[in-house]
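Any value given below was found using the heavy atoms of this structure, including those in side chains, with hydrogens, waters and symmetry copies removed. As the structure lists them, so they are numbered: ligands from 1, and atoms in each ligand from 1. Predicted, not measured: the structure shown is a model, and the values here were computed from it.
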Amino acid sequence: MKKTVRDIDVKGKKVIVRCDFNVPQDKEGKITDDIRITSALPTIRYLVEQGAKVILMSHLGRPEGEANMKYTLKPVADRLSELLGRRVLFLSVPEVINEEVSKAATELAEGEVMLLENVRFRKEETKNGAEFSKELAGLADIFVNDAFGTAHRAHSSTAGVADYLSAVSGFLIEKEVKFLGNAVESPERPFVAIMGGAKVADKILVIESLLEKVDTLIIGGGMAFTFLKSKGYEIGKSILDAERVNLAADLIKKAEAKGVKIVLPVDVVAAKEFSNDTETKEFDADSIPQEWMGLDVGNKTIALFREELKNAKTVIWNGPVGAFEMSNFAKGTIEVAKALADSSAVTIIGGGDSAAAVEQFGLADKMTHISTGGGASLEFLEGKELPGIAVLQNK
Ligand code: AMP
């Protein structure tokens, strides 16, 4: 167990907090979804109430080590100030830290909040450069990591800074570790995982690791076709990872040997093009004609997935089961989301597309936990120790 802000005395201390304020923005820079900011509020509010001097830092987008004002954190400072109902001091300097910034940090009063400029304006950030880590650490007495979304990266602001300061977790990382950790370490059974999305390569390690833990593994989305192909099925021109067909066959065998049930689509909604404005047809999953591609699971599969989910006590879901961005191929993903919303199981949504889908369908508040980190939650489920968590003090 990692120490959290609750386990240390922060009153009067300068506390530098890594948040994940990597929010989506429209062309004018307006924030289109502030869930990443609201997710950070519990830790920030706690530190303010306890009389800490709060220095926040985050990255936004990929400025690639240059001070590109397209990626300034100014809109985040403004939104955060509105949400907190208090001033958030924001000094936008290209080098992130200079004398003025250091002076402002030193002069913070208890309960005051400041936000640094985008840490990725500095080249050293993503290389975990010691100089920049030291500069960040030089602003504060304590480091708090609350950026789960970047905890799988060893960067100056997520890991390096902990070489120079005592480091604890914020409430968001605590919550993520609790839900994701409990689900994989001591799940209530039956434990079902639903894996979807397009790329087998991204998820193969998670599947391998989950095979050690789950009772049932449901595979949908584009990656299901590599598994269907490995069974010798005709998959038409559905997306295929030809290099991993043998691996898929091995995983099916491994699952059988372990007594884990693998559930694959039995029918699909297909089109001749990857487009919403084209004819669609349903086919059985073992006989998709050559010029057709499966873009969603079919009705028989939806019923099958529902049946598998009916008695589940713990469910982890990562990746859409169809090309849900196109309305003609969204039904399977909507039905999976609904089945989870109706379920009394502990339901955990890995970040990324499945989290976006659940939000889009208005079902977010029906889930037990929606992870704020796509890549980070996958690496966590693979059983890897995330660098941004590894550096935190143990209880
Ligand atoms: P990933 O990044 O691997 O989680 O993949 C997410 C993407 O998979 C989404 O953008 C979906 O549109 C896409 N996807 C899901 N099912 C299919 C499919 N059957 N064929 C092609 N793409 C799909």
Out of Ser354, Ala198, Gly196, who gets a non-hydrogen atom closest to atom 8 (O) of ligand 1? Ala198
Could you check atom 17 (C) of ligand 1 against the protein and tell me its nearest heavy-atom contact, residue, atom and distance included? Gly222 N, 3.3 Å
Nearest neighbour of atom 4 (O) of ligand 1 from the list Lys199, Glu325, Lys203, on a heavy-atom basis: Lys203
Is it the side chain, the backbone, both or neither of Asp353 that has a heavy atom closer than 4.0 Å to ligand 1? side chain
Ignoring hydrogens and geometry beyond distance, is a side-chain donor-acceptor pair present between Thr226 and Asp241 at under 3.5 Å? no
Could you work out, for atom 22 (N) of ligand 1, the closest of Phe225, Phe274, Phe329 by heavy-atom distance? Phe274
Any side-chain donor near an acceptor of the partner, Ser92 and Glu117, under 3.5 Å: yes
Check ring-ring contact (aromatic ring centres under 6.0 Å, His included) between Tyr71 and all other residues, then give those that pass, not counting sequence neighbours. none
Tabulate below the donor-acceptor pairs under 3.5 Å that side-chain atoms of residues 332-339 make, not counting sequence neighbours, or state none.
unit_1, atom_1, unit_2, atom_2, d
Thr333, OG1, Val321, N, 3.2
Thr333, OG1, Gly322, N, 3.4

Counting the benzene-type ring for Trp, do Phe329 and Phe324 have ring centres under 6.0 Å apart? no
Under 4.0 Å from a heavy atom of Gly221: which atoms of ligand 1 are those, numbered in the order shown and with their elements? 16 (N), 19 (N)
Under a 4.0 angstrom heavy-atom cut-off, which atoms of ligand 1 come close to Gly197? 1 (P), 3 (O), 4 (O), 5 (O), 6 (C), 8 (O)
Aromatic plane relationship, His369 with Phe179 - under 30° parallel, 30 to 60° tilted, over 60° perpendicular: parallel
heavy-atom search around atom 20 (N) of ligand 1 in the protein gives Leu295 CD2, 3.6 Å
Would you say Val321 and ligand 1 have an N/O pair spaced under 3.5 Å apart? no
Testing the 3.5 Å rule here: is there a donor-acceptor pair between the side chains of His59 and Arg18? yes
Below 4.0 Å from any atom of ligand 1, is there a heavy atom belonging to Gly294? yes
